[in-house]
A.B. asks: 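Below: one structure in structure tokens.
For the single chain, residues carry numbers from 1 onward in sequence order. These numbers come from the heavy atoms of this one structure, side chains and all, not from hydrogens, waters or symmetry mates.
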Amino acid sequence: MESFGHVIAGEEVASADGTGFESVDPWTREPWATVALGSAGDADRAVRVARSAFDEGPWPRMNFAERGAILHRLADLLEEHVGELAAADTSDMGKPITQTAGHDVPRAARNFRFFADHAQLTPNETFPMPAGHHAFTQYDPAGVVAAIAPWNFPLMMASWKVAPALAWGNTVVLKPAEQSPASATILARLALEAGLPPGVLNVVHGFGPDSVGQALTESPLVDRITFTGESTTGRLISRAAAANLTPVSLELGGKGANIVFADADLDHAVRWSIQAVFSNSGQVCLAGSRLYVQREVYDEFLAKFTAAADALVIGDPKDPATEVGPLSSREHFTKVAGYLDIATGAGARLHTGGVGEGWTVRPTVVVGAGQHDRVTQEEIFGPVVVVLPFDGEADAVALANDTPYGLNAMLFTRDLSRAHRVARALRVGTVWANCFFVRDLRAPFGGAKNSGVGREGGTYSREFFTEPKAVIMEIS
């Protein structure tokens with residue numbers, strides 16, 4: 001089996017007490033790697049190392065071009081090691097290798113390149129003043145960043161947090177999810193190879209409550225906390241951070257509405273809608289898991305959508321032919337399978353899909369559910385979509401907004417004016433019109449309501465990972 005340790009102060013190390021845990025391959029359901037099991041003490045050591053690297057080390061004092069050159073070298077190394085990184089994420093959490101190698105690792109490299117350049121090229125503001133004064137802004141690095149990454153996009157989401165934090169001169173303690181630890185250690189190894197000074201990027205493995213996660217979020221030495229995960233954990237982190245007035249950025253759960261109007265190109269809508277809910281076995285916070293179809297085309301769309309769902313290839317995620325792999329863990333499989341029982345128990349019907357072999361759930365289409373049934377309102381985080389009809393634009397908007405979540409939504413229509421009206425009316429952080437998961441890293445990303453606090457991306461990341469400072473100078 002492979003072995004992955006913490007990375008602290010530029011060295012890969014075991015836990016202070018020598019304990020570890022096994023990472024289980026969700027397809028084989030057998031351990032494939034051993035991982036250092038961190039404690040609060042390991043987390044505290046990593047934070048203190050990061051604190052020292054920020055207060056006394058060279059990284060915050062380098063200019064943007066110097067830091068950017070190192071981050072571009074790291075991006076080069078990510079691209080060179082795409083096979084190793086993709087295999088690590090696939091082995092950890094069961095995502096098809098075509099997605100980890102074809103999307104996640106390249107996207108992580110692009111994240112580092114984008115933020116390396118963005119930090120260097122984004123201008124500061126100047127404010128001409130009367131009476132012989134001049135005002136301008138500068139953006140100082142915030143300090144030590146605790147970055148807590150999710151298991152569904154292990155490397156990609158870690159890079160989304162680490163890249164802007166480093167680009168703006170911060171030091172980082174990264175805690176990957178216990179279900180997907182491997183690529184974080186590989187990332188830290190490559191960062192050192194790229195020339196990142198020791199202590200600037202540290203990785204600590206372990207569990208959240210009462211351990212590494214709690215120690216990071218409660219530490220008075222941490223200046224920023226960025227977290228992606230479920231809403232319940234986000235609330236706990238907010239409470240812990242509040243004790244130290246530590247700013248938080250929380251990208252939390254979702255229950256995305258996907259609205260298909262009668263005038264939409266139905267084949268186009270089906271293709272995107274399949275990707276929106278069944279990619280990564282539905283383990284995507286942005287998943288379009290509430291599919292609202294205008295009544296006039298409901299039956300036609302449902303038939304096309306069901307045929308496309310049934311055609312998806314389920315199997316070994318290491319096989320390039322596989323489109324849907326297993327769920328990430330036994331625990332998560334049990335949760336998702338339980339929602340199928342909840343749905344049928346409430347009177348809904350599985351139009352297609354259901355539990356498969358091992359820890360797999362086949363692409364599942366639920367019909368006959370009510371708007372306020374649990375299967376419609378709660379985040380399942382699996383390959384399960386609820387399809388409901390609607391009668392008009394106002395009805396569609398009301399149904400889409402009728403949820404505790406507000407991360408994202410999709411809509412499909414040929415009417416450009418309708419697309420603008422509906423996009424404006426939806427209470428979410430991102431709206432995709434006639435597409436899904438197309439990103440521009442300059443744009444804000446985050447959620448409303450129970451889907452999070454704050455935005456990241458472009459200048460929004462700059463504002464979170466820095467301390468904006470006003471400088472007013474007399475020039476007369």
Side-chain angles (χ1 to χ4, degrees), residues 4 71-72 74-116 118 145 147-167 172 174-191 194 201 203 226-230 249-254 275-276 279-287 317 325 328 381 407-408 429-430 432 436-443 445-447 452 455-458 461 465:
F4 298 94
L71 295 182
H72 274 288
L74 175 54
D76 293 339
L77 290 170
L78 292 176
E79 292 169 346
E80 292 172 16
H81 290 260
V82 61
E84 178 185 7
L85 288 159
D89 280 356
T90 292
S91 297
D92 264 343
M93 58 82 54
K95 179 181 294 191
I97 193 70
T98 53
Q99 295 175 28
T100 53
H103 176 266
D104 292 11
V105 180
R107 173 64 182 277
R110 288 199 298 273
N111 286 345
F112 278 100
R113 294 194 193 284
F114 171 85
F115 285 110
H118 185 269
V145 174
I148 304 175
W151 51 258
N152 58 334
F153 291 86
L155 177 67
M156 192 185 83
M157 289 304 299
S159 71
W160 175 247
K161 300 173 182 303
V162 171
L166 294 180
V172 177
L174 170 63
K175 182 206 169 299
E178 57 268 22
Q179 298 92 337
S180 55
S183 60
T185 292
I186 300 172
L187 171 64
R189 293 170 183 167
L190 296 178
L201 175 59
V203 173
T226 171
F227 168 78
T228 298
E230 51 134 1
S249 177
L250 304 174
E251 194 252 290
L252 306 178
Q275 179 180 333
S279 177
N280 197 23
S281 299
Q283 299 168 130
V284 183
C285 55
L286 301 164
S328 63
F381 220 65
L407 187 57
N408 67 290
T430 300
W432 282 287
F436 171 70
F437 215 178
V438 178
R439 292 291 311 281
D440 187 321
L441 291 174
R442 296 169 296 180
F445 182 73
R455 297 291 186 271
E456 294 182 21
S461 288
F465 289 112

A.B. asks: Within a strict 4.5 Å, meaning less than it, do heavy atoms of the Leu407 and Cys285 side chains meet?
C.D. replies: yes

A.B. asks: Mark yes when over 12 heavy atoms from residues, nucleotides or ligands other than Arg442 sit less than 6.0 Å from its CZ; otherwise mark no.
C.D. replies: no

A.B. asks: Parallel, tilted or perpendicular, judged at 30° and 60°: which one describes the rings of His118 and Phe115?
C.D. replies: perpendicular

A.B. asks: Could you tell me whether the side chain of Asn152 reaches within less than 4.5 Å of the side chain of Ser328, counting heavy atoms only?
C.D. replies: no

A.B. asks: Quick one: pull up OG1 in Thr226 and CG in Leu250 and give me the separation to the nearest 0.5 Å.
C.D. replies: 8.0 Å

A.B. asks: Consider side chain to side chain donor-acceptor pair (under 3.5 Å). Of Lys161, Arg455, Glu456, which one does Ser249 pass it with?
C.D. replies: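 For Ser249, the side chain to side chain donor-acceptor pair (under 3.5 Å) check succeeds only for Glu456.
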
A.B. asks: How far apart are the closest heavy atoms of Asp89 and Pro154, and which atoms are they?
C.D. replies: OD1-CB, 3.3 Å

A.B. asks: How far apart are the closest heavy atoms of Ala177 and Pro150, and which atoms are they?
C.D. replies: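 Looks like CB-C, 3.9 Å.
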
A.B. asks: Which distance, rounded to the nearest 0.5 Å, do you find between the CG of Leu77 and the CG of Leu85?
C.D. replies: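 CG of Leu85 is found 10.0 Å from CG of Leu77.
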
A.B. asks: If you compare all heavy atoms of Ala88 against all heavy atoms of Ile186, which two are closest, and at what distance to 0.1 Å?
C.D. replies: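 Heavy atoms only, the tightest pair is CB-CD1, 4.0 Å.
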
A.B. asks: With under 30° as parallel and over 60° as perpendicular, where do the rings of Phe437 and Trp432 fit, or are they tilted in between?
C.D. replies: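 Perpendicular, since the angle between the ring planes exceeds 60°.
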
A.B. asks: Take Glu84 and Arg189, measure what side chain to side chain contact (heavy atoms under 4.5 Å, CB included) needs, and give me the verdict at the end.
C.D. replies: CA-CA 12 Å; Glu84 178 185 7; Arg189 293 170 183 167; 4.2 Å; yes

A.B. asks: At their closest point, which heavy atom of Leu174 faces which heavy atom of Ala149, and how far apart are they?
C.D. replies: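 Heavy atoms only, the tightest pair is CD1-CB, 4.2 Å.
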
A.B. asks: Just so I know, are the side chains of Leu78 and Leu187 near enough to count as touching, which here means a heavy-atom distance under 4.5 Å?
C.D. replies: yes

A.B. asks: If we only count heavy atoms from C-beta on, is the Asp104 to Leu155 side-chain gap below 4.5 Å?
C.D. replies: no

A.B. asks: On a heavy-atom basis, which atom in Ala287 and which in Gly282 lie closest, and how many Å separate them?
C.D. replies: CB-O, 4.3 Å

A.B. asks: Does any non-hydrogen side-chain atom of Glu79 lie less than 4.5 Å from one of Arg113?
C.D. replies: yes

A.B. asks: Does a side-chain heavy-atom distance below 4.5 Å link Lys95 with Thr100?
C.D. replies: yes

A.B. asks: Between the side chain of Gln99 and the main-chain N/O of Pro96, is any donor-acceptor distance below 3.5 Å?
C.D. replies: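 No, Gln99 side chain to Pro96 backbone: no donor-acceptor pair under 3.5 Å.
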
A.B. asks: A side-chain contact here means heavy atoms from C-beta on lying under 4.5 Å apart; do Leu441 and Trp160 qualify?
C.D. replies: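 Yes, their side chains come closer than 4.5 Å.
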
A.B. asks: In sequence, state the C-alpha distance, the side-chain angles, and the governing distance for Val284 and Phe153, and then conclude on side chain to side chain contact (heavy atoms under 4.5 Å, CB included).
C.D. replies: CA-CA 8 Å; Val284 183; Phe153 291 86; 4.0 Å; yes

A.B. asks: Could you measure the distance from the CG atom of Leu286 to the OG1 atom of Thr430? Nearest 0.5 Å is fine.
C.D. replies: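 So the CG of Leu286 and the OG1 of Thr430 are separated by 7.0 Å.
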
A.B. asks: Should Met93 and Asn280 count as side-chain neighbours, where that means a heavy-atom distance under 4.5 Å?
C.D. replies: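 Heavy-atom side-chain distance check passes, below 4.5 Å.
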
A.B. asks: Over all heavy atoms of both residues, which pair between Val82 and Ala101 is shortest? Give the atoms and the distance, please.
C.D. replies: CG2-O, 3.7 Å

A.B. asks: Once rounded to the nearest 0.5 Å, what's the spacing between atom CE of Met157 and atom CH2 of Trp151?
C.D. replies: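 Going from CE on Met157 over to CH2 on Trp151, the span is 13.0 Å.
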
